Amino acid sequence: MTTRLLINGRARDVDVEPHRTLLEVLRDTLGIFDAKEGCNEGVCGACTVLLDGRPVSSCLVLAVATRGKPITTVRGLERDGDLHPLQDAFLRHGAVQCGFCTPGMLLTAYAFVEAHPHPDRAAIREALEGNLCRCTGYTKIVDAVEDYARNRCG
Amino acid sequence: MRMIEGGHGFAGDPRAVGGVGGHIGAPHSVVGQRVVRHDARDKVQAATAYAGDWAMPGMLHGVVVRSPYPSARIRGIDTTKAAAMRGVACVLTARDVPRNTLMTDVPGQTTTVGPLRAKLHVLAEDRVRHQGEPVALVAAETLEQARDAADAVEVDYEPRPGVFDAEQALAPDAPKVHDEGNLLAHWRIARGDVDAAFAGAAVVVEGEYRTQFVDSAYLEPETGVAWIDSDGVITIRLSTQVIEHFRDVADVLDVPQNRVRVIGAYLGGGFGGKEDVTVEVYLGLLAVKTGRPVKMVWTRQESLLARAKRHPYRLRYRTAAAKTGEILAQDVELLGDSGAYAYLSALVLLYSTVTACGPYRVPAARVQARVAYTNNPPTSAMRGFGAMQTVFGYESQMDRVARALGLPPADVRKANALRRGDTLPVGQVIETHCALPELIDRAWAGLGAPTPPRAPHAKVGRGLACNLQPYGRIVWLHDWASAWVGFEMDGSLVVRCGCPDVGGGQASSLCQIAAEVLGVPIDRISVHIADSALTPLAGTTTASRQLYMSGNATLKASGELREQILGVAAKLLETSVADVDLAGGEVRAADGRTMPLRQVLAACARMGVPRSHLAVYHAPAGEPVDLTKGSGKIFPDYTFGCHAVELEVDTETGRVRLLKHVAAHDVGRAINPMSVEGQIEGGAVQGLGYAMMEEVVLEDGINLTTSFASYLIPTTVDVPDVEAIVLESGEGLGPFGARGIGEPPIGPPAAAVANAIEDATGARVTRLPMTPERVARALRLLT
Amino acid sequence: MQPFEYAAPASVDEALALLARHGADAKVLAGGQSLVPLLNYRLARPRFVVDVNDLPLDEIRVDAGRVRLGALVRHSTLAASAVVARECPLLTEAAALIGNVRVRSLGTVGGSLAHADPAAELPLAMVALDARFELRSARGSRTVEVRDFFSGYLTTVLRPDELLTSVDAPPTRGAGTAVEEFSRRPGDFALVAVAAIVTIDRQGRVENARVAIGGIDGVPRRIPAVENALRGEPPATDRIARAAELARAEVTPQSDALASGEYRTLLAGVLTKRALARAVSRAMAVPA
Ligand SMILES: Cc1cc2nc3c(=O)[nH]c(=O)nc-3n(C[C@H](O)[C@H](O)[C@H](O)COP(=O)(O)OP(=O)(O)OC[C@H]3O[C@@H](n4cnc5c(N)ncnc54)[C@H](O)[C@@H]3O)c2cc1C
Ligand code: FES
Ligand code: FES
C-alpha cells in the first residue's frame with residue numbers, strides 16, 4: 001500500500017505492507033537508521049521518534065498508521081546542518097558513551113523541554129524514565145538536559 | 001614465582017620512551033582535558049553505522065534455531081520441511097559445520113591457558129545442555145521467512161533430567177552435564193596459620209552470601225553482517241569486543257586464518273557479553289554456504305535467553321579480627337555456577353580467588369573456590385569478571401566486623417587497607433600506591449549533610465564499600481597490543497589500532513595520546529579501529545585493558561615517530577633534537593623559529609625517513625602460578641575504589657530509595673576526565689542494578705526473564721546522581737600513569753547498599769538482588 | 001509480524017461494518033501499545049486490522065451528570081485534562097501512573113479497558129468509580145456496568161464485532177480519591193495497585209468508602225470487607241490501618257518472576273492503608 005510518510009519535513013511515498021512497524025520501514029525500507037531497535041516491545045526507548053511532536057516507540061506503531069503525520073527522527077533536530085543546542089549539550093557534558101540510546105534520549109528530552117521549559121532534575125529524570133541507558137548511569141544525561149533547558153530560556 | 005620483564009626495554013615502564021620522557025611530566029595540552037569525543041559527535045547525529053545499520057545488496061537473513069529444553073538428547077533433526085519453504089536459502093545443522101568445535105580460550109590471546117582451554121559445539125550434536133542452545137541455522141530472503149523456517153525445523157528431543165544448582169551439581173549422584181563430571185575448576189589459596197589466627201581472634205564473624213545470574217543487557221543485541229569479499233575473503237562486520245575471533249571463525253570453517261576478516265563496528269555496549277563468540281561463526285557458516293551476504297540480529301528475547309551471564313555465587317566467609325579491628329584471617333569458600341559450558345568460568349573463578357579477601361592486609365587466608373557445570377544458561381565474562389561478586393562478601397564482612405567491635409566501618413577499613421609493599425594472600429606484592437584511606441575519606445565526606453526521612457515509616461542509612469579490581473590480563477598470558485601512527489603529507493595524522501570501541505571512548509583516547517605526543521590538534525587526527533585485516537591487532541576490549549595496552553602501544557608508536565620527525569626537523573633547522581618540539585601542528589625550535597610540519601614531512605619523504613611507525617607494547621609477563629603450592633604475581637596491577645551511599649528504607653514494604661551515591665577511584669591519570677567520570681557513573685549504576693533489581697530468574701533451567709519488562713535494569717528514576725571523585729596518583733601502568741577504570745566502579749555498590757540498609761534498619765540482606773521483597777523478609781515483614 | 005489486511009475507517013458505522021464482516025478474524029487497533037507487542041511476538045495473528053484512530057471518539061465531556069470519555073482519549077490527554085482533574089481526579093492520577101511517556105502518547109482509554117490487564121490502572125479506577133461502558137456493533141449498542149465488563153484475565157464481555165465507544169463515570173466532587181501502586185520499577189506494570197474513594201459526612205465520619213484492588217486476581221475488584229469496616233466510622237489513622245488489614249485476608253495472589261504471592265499480600269495491606277489515608281485527607285480538605 002503506498003503510504004505518504006512525512007519524515008523530518010520531507011514527504012516520502014513508500015510502498016508499505018500494513019504489518020510493518022514504523023521502525024522496520026525507517027530502517028529496512030528507507031535506510032534511515034536514526035532509530036535503533038533495542039527490544040521491539042516498547043520498553044527501552046532506543047526506537048523513539050516524534051509523531052506529531054510527541055515521543056512514540058516506532059517499534060509499536062504501524063507505519064501505515066502514521067500516514068500524513070509529521071515524524072521527527074534525531075536528524076530532524078539539526079538546523080541547517082548545525083547541531084541542535086540539545087545535541088551540543090550532550091557532547092559538552094559527555095552524555096554519550098556507546099550512543100545506542102542517544103537518538104531516543106535526545107528526542108524524548110527535546111519534546112519534554114518543549115512542553116516543560118523550566119524543569120528541575122527530578123522532573124527531567126521522570127521524563128526520561130522510559131529511555132534506558134546501560135552505559136552512562138544517567139547523571140551526565142540529566143546534566144545535559146538541565147543545561148540545555150536553562151540556556152534555552154536565557 | 002617471579003615476574004619476567006617483557007623482552008623489550010620499553011615493557012613495564014612506558015615512561016622509558018626516549019624523546020617523550022620529559023614530555024610526560026610536563027603539563028599536558030590534550031591529555032587530561034575534557035575532550036569531546038569524535039565518536040560522540042557522530043552518535044548525537046545518528047551518523048555512526050552500528051553493526052545493525054549495515055546492509056548489503058541481496059542480503060539474506062539468518063536465524064538460530066534454539067533448544068527449548070535445558071537438558072535433552074537429540075534423537076534426530078529433520079530439516080526437509082524447513083529447507084523447502086519459500087525464500088529459504090539453507091538450513092544447517094551440526095553435520096554441515098566443517099569443524100564443529102569452538103575453543104573458548106582466552107579470547108584474542110595468542111598464548112593459551114593450557115588446561116583451562118574450554119570448548120563447545122558450534123551447533124548441538126546429540127545433546128543440548130541449556131535452554132536456548134543453538135541447534136540449527138536458517139538463512140532466507142526475509143526475516144519472516146527465516147523465522148517461519150526456523151519454526152519448521154523438526155528436532156526430536158528426549159528430555160533428560162538436569163541439574164540446576166551448583167551445589168546439587170557437585171553431589172555424587174547428580175546428573176552429569178558433561179561426561180568428565182560437573183566440577184569444572186577449583187582454585188585454592190592457603191597462606192599463614194589460619195586456625196591459630198581464628199583461635200586468637202577477639203571476634204569471628206561468619207556470613208553466607210548469594211549473588212544472582214546477571215545479563216549484560218547492552219541496548220544493542222548481538223548483531224552482524226557477513227559477506228564474501230571480491231578477493232574471496234570471508235568478511236564479517238559485527239558488534240564485538242574481540243576482533244581476534246576471526247581465527248575461531250576460520251578454524252570452524254576450516255579455512256586458513258588469513259581468509260577471514262572481522263570488522264568491529266562501534267558497539268552499542270559490550271560489558272563482557274560480546275567477549276565470547278556471538279554471531280560471527282554463524283554468519284561465516286551461512287555466508288560460505290550460500291555465497292551471499294547474510295545479516296543476523298538477535299532479538300532481545302534471544303539475547304536474554306541464551307547469552308552467557310554473570311556467574312551467580314554462593315560465598316561463605318569467616319573473618320577473624322582483633323579488638324582493634326585488625327583483620328587476622330579470612331576463611332572463604334566460593335562456589336560459582338558455570339551453567340552448561342565452561343567458557344571463561346575457570347578464569348572468572350581465578351579473579352574471585354585472588355580478590356576474595358579484598359583490598360586489605362590479611363596475614364592468614366584460606367580460600368577454596370569451585371565452579372560447577374549445571375543446565376543453566378552458560379556464564380562467562382561480564383564487567384568485573386569474578387572480582388565483583390566477592391566484593392559483596394568481603395565488604396559485608398568488614399561492616400559486620402566493625403559493628404561487632406563497635407568501631408566505625410570507615411576506620412576499620414582504613415586501618416587494614418593495603419599499602420605499597422604489602423602482599424596479597426595470593427602472594428603478589430602490591431607495587432604501586434594504594435590510596436584507599438583517602439578514597440574512603442573523600443567518598444564518605446561526599447555524602448554531605450544527612451537527608452531526613454520523608455515519612456514516619458521511612459528510615460535513612462549510610463554505607464560504604466571498597467574494592468580492588470585487576471586491570472590488564474593475567475601476567476602469564478603474555479599480553480600485547482600494537483598500534484600504527486602515521487602522518488599524511490599535509491600534517492594530518494592517522495592512528496590505526498585493532499582495538500574495538502565499546503562506547504567507553506577507547507578510540508578517542510588513542511587520539512588524545514597521539515595528539516599529546518605529536519603536537520597535532522585532535523581534530524586533525526583520523527582513527528581507524530577494529531579491522532582484523534587492516535589495523536594492527538591490539539587484543540580485546542575487556543579486562544579494563546584497552547587504555548592500558550593499546551594506549552601504551554599508541555604512546556610508544558607516537559613517541560618513536562616523534563623522534564623520527566624531530567630528527568629530520570633538527571637537521572633542517574640546524575639545531576639539536578633536544579631543542580625542537582612538535583606543537584600546534586608545527587615544529588618549534590627553542591630559539592623561537594618555527595617550521596610547518598608539511599615541510600618536515602616533505603623532507604622526510606626526500607630523505608627516506610618513514611613518516612609512520614608501528615609499535616608493539618608487551619605487558620609485564622610472568623609464568624603460570626600454581627596457587628596450591630607457591631604463589632606470586634597474577635595481575636599487572638589493580639585499581640582501588642570506595643563508594644558511599646545514602647538511602648531510605650520504607651519499613652512497611654521493604655522498598656529502598658537510593659538518595660546519594662559517591663564513587664571515588666584512583667585512576668592513576670585521567671586521560672579524558674569526562675570519559676573517566678562516565679565510566680565511574682555508568683559502572684556505579686550497573687552495580688546498583690545488580691544490587692537492587694537485576695536477576696535472570698530461572699525455574700529448572702527455564703528462563704522466566706526474557707524481556708526488558710521482566711529483566712529489570714535501572715531507569716533514570718531508580719538511581720540518584722552519581723558523584724564521581726577522580727583521584728590521580730599517577731601510579732598506573734598505562735600511558736601517563738593511567739590505571740584501568742572500565743570495570744572497577746561496578747564492584748562496590750551492592751555491598752555499600754547492604755551496609756546502608758543495615759545502618760538504617762539493623763537488618764542485614766545477604767542475597768542479591770536486594771528486591772523490596774528480600775528487604776521485607778530481612779525486616780521480618782514476611783514469614 | 002504476520003501479514004494482515006488493514007483499514008482505517010473514518011466513521012464508526014464503517015468500522016462496525018468491517019468488524020461485522022470479519023468477526024473473530026479482525027482486531028481493533030487503537031493506540032497499539034498492547035496489540036502491537038503481541039503482533040511483534042506473533043502471539044496475535046489477526047487477518048484483518050481495523051485501525052480506529054480516525055474515528056471521532058476522542059472527546060472528554062461532562063454530560064448528564066457523568067464524566068464521559070471517548071474510547072480514543074489518550075492516556076496523556078486524560079492525565080492533562082482540566083475537566084477530569086476537577087470532576088474525577090482519580091483518573092488524572094491513574095493515567096499519570098501508566099507506563100512511560102511513549103505509552104501515554106498513544107495508549108487509549110478504550111484500549112486499556114478492552115485489553116483488561118489485571119494490573120492496569122484504568123480498569124482499576126473504573127471499578128472504583130462504578131463506571132459504565134458503551135458498546136456498539138452493527139447490531140446495535142448496549143451499556144454494560146463495570147462489574148459485568150471484565151470477565152477474567154485479559155478478557156471482557158466485548159464480542160468480536162463490538163467496539164467500545166465510550167466509558168462514563170459519576171464525578172467524585174466532594175469525595176477524596178487516591179491511587180497507590182507498587183511496582184519493582186516505576187513505570188512498569190504494578191505488582192499491586194489500590195484505588196480508594198472516600199466521602200466524609202457532616203459529623204466527620206466516613207459516609208462511604210470504595211476500595212478497589214488490582215494485580216491480585218484476573219480482574220480488578222472491590223474489597224467490600226474494607227469498605228464496610230470504615231463506613232460510619234471516624235477516619236482515624238488506627239481505624240484505617242485496621243480496616244486495611246482486612247484487605248490481606250481478602251486476597252490470595254499468585255507468585256511470578258517479579259514477586260511472590262505472600263509479598264503481594266503484604267502490599268495489599270500497606271497500599272490499601274496508604275490509599276485510604278490519602279483519600280481521607282483529601283476528603284477532609286474538600287470545602288463543605
Ligand atoms: C512498555 C509498556 C508499559 C506499559 N505500562 C502500562 C502500565 O503501567 N499500566 C497500564 O495500564 N498499561 C500499561 N501499558 C499498556 C498501555 O496502557 C496500553 O496502551 C493499553 O493497555 C492498551 O491501549 P491501546 O490503546 O494501546 O490499545 P491497543 O493495543 O490498540 O489494543 C489493545 C486491545 O484492545 C482492543 N481494543 C482497543 N480499542 C478497542 C475498542 N475501542 N473497542 C474494542 N476493542 C478495543 C484491541 O483489539 C486489542 O485487543 C504499557 C504498555 C507498554 C508497551
Ligand atoms: S525498540 Fe522500541 S522501545 Fe525498545
Ligand atoms: S550510551 Fe550506551 S546505552 Fe546509553
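Chain identifiers are assigned alphabetically (A, B, ...) following the order of the sequence lines, protein sequences preceding nucleic acid strands; residue numbering begins at 1 within each chain. Bear in mind that the values here come from a model prediction, so they are computed numbers and not experimental data.
In terms of non-hydrogen atom pairs under 4.5 Å with chain A, the most contact-rich of B:G683, B:G270, B:G52, B:A49 is B:G52. Ranking B:E723, B:E677, B:E681 against chain A, the residue ahead of the rest is B:E681, based on heavy-atom pairs under 4.5 Å. Listed options B:I713, B:V685, B:T48 were ranked by heavy-atom pairs under 4.5 angstrom with chain A; first place goes to B:I713. Here B:P720 is the residue among B:A47, B:A724, B:P720, B:S303 with the most heavy-atom pairs under 4.5 Å with chain A. For the options A:G137, A:C98, A:C133, heavy-atom pairs under 4.5 Å to chain B are most numerous at A:C98. Per-residue heavy-atom pair counts under 4.5 Å with chain B were compared for A:L91, A:N131, A:L128, and the maximum is reached by A:L91. Across A:P103, A:C101, A:C39, A:A46, the residue that shares the most heavy-atom pairs under 4.5 angstrom with chain B is A:C39. Counting heavy-atom pairs closer than 4.5 Å to chain B, the top-ranked of the candidates A:T139, A:I141, A:V142 is A:T139. Contact count against chain A (heavy-atom pairs under 4.5 Å) is highest for B:A217 among B:G689, B:S675, B:A217, B:G504. For chain A, the option among B:A684, B:A55, B:G505, B:S707 with the highest count of heavy-atom pairs below 4.5 Å is B:S707. Counting heavy-atom pairs closer than 4.5 Å to chain B, the top residue among A:A35, A:G38, A:G94 is A:G38.
With hydrogens and angles disregarded, a donor-acceptor distance shorter than 3.5 Å links the side chain of A:Q87 to the backbone of B:V44. A side-chain donor-acceptor contact under 3.5 Å links A:R134 to the backbone of B:S216. In this structure, B:Y50 contributes its side chain and A:K36 its backbone to no donor-acceptor pair below 3.5 Å. In this structure, the side chain of B:E220 does not engage the main chain of A:F100 through any donor-acceptor pair within 3.5 Å.
Interface residue B:E144: only side-chain heavy atoms are found under 4.5 Å from chain A. Contacts of A:H93 with chain B are made by backbone atoms alone, with heavy-atom separations under 4.5 Å and no side-chain atom involved. If you measure heavy-atom distances from A:V96 to chain B, the contacts under 4.5 Å come from both the backbone and the side chain. Interface residue A:D34: backbone and side-chain heavy atoms are both found under 4.5 Å from chain B. Neither the backbone nor the side chain of B:N672 comes within contact range of chain A; no heavy atoms are under 4.5 Å apart. The contact between A:T136 and chain B is made entirely by backbone atoms, counting heavy-atom distances below 4.5 Å.
Taking CZ of B:R41 as the reference point, atom CG of A:D88 lies at 7.5 Å (rounded to 0.5 Å). Atom CD of A:E24 and atom CG of B:L143 lie 8.0 Å apart (nearest 0.5 Å).
The pair A:E41-B:R300 does not meet the salt-bridge criterion, since no charged nitrogen lies less than 4.0 angstrom from a carboxylate oxygen.
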As a quick check of understanding, evaluate side chain to side chain contact (heavy atoms under 4.5 Å, CB included) for A:R27 and B:D53, giving each step before the final call.
CA-CA 8 Å; A:R27 294 181 59 88; B:D53 303 342; 2.7 Å; yes
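Smallest separation of non-hydrogen atoms from A:L132 and B:F708: CD1-CD1, 3.9 Å. Pairing each heavy atom of A:K140 with each of B:M674, the nearest pair is CE-O, 3.6 Å. Summarising the geometry of A:F33 relative to B:W54, their closest heavy-atom pair is CZ-N, 4.3 Å, with the distance given to 0.1 Å.
The interface of residues 104-124 of chain A with chain B, defined by heavy-atom distances below 4.5 Å, comprises A:L106, A:R121. Contacts between residues 47-75 of chain A and chain B, counted as heavy-atom pairs separated by less than 4.5 Å, involve A:V74, A:R75.
Looking at B:V719 and A:R125, their side chains come closer than 4.5 Å, going by heavy atoms from C-beta outward. At a threshold of 4.5 Å between non-hydrogen side-chain atoms, the residues A:Q97 and B:Q679 count as touching. You'll find the side chain of B:Q45 reaches within 4.5 Å of the side chain of A:L83, heavy atoms only.
Atom CZ of A:R4 sits in a sparse spot, with 12 or fewer heavy atoms from other residues, nucleotides or ligands closer than 6.0 Å. Counting non-hydrogen atoms of neighbouring residues, nucleotides and ligands closer than 6.0 angstrom, the CD atom of A:E129 exceeds 12 such neighbours.
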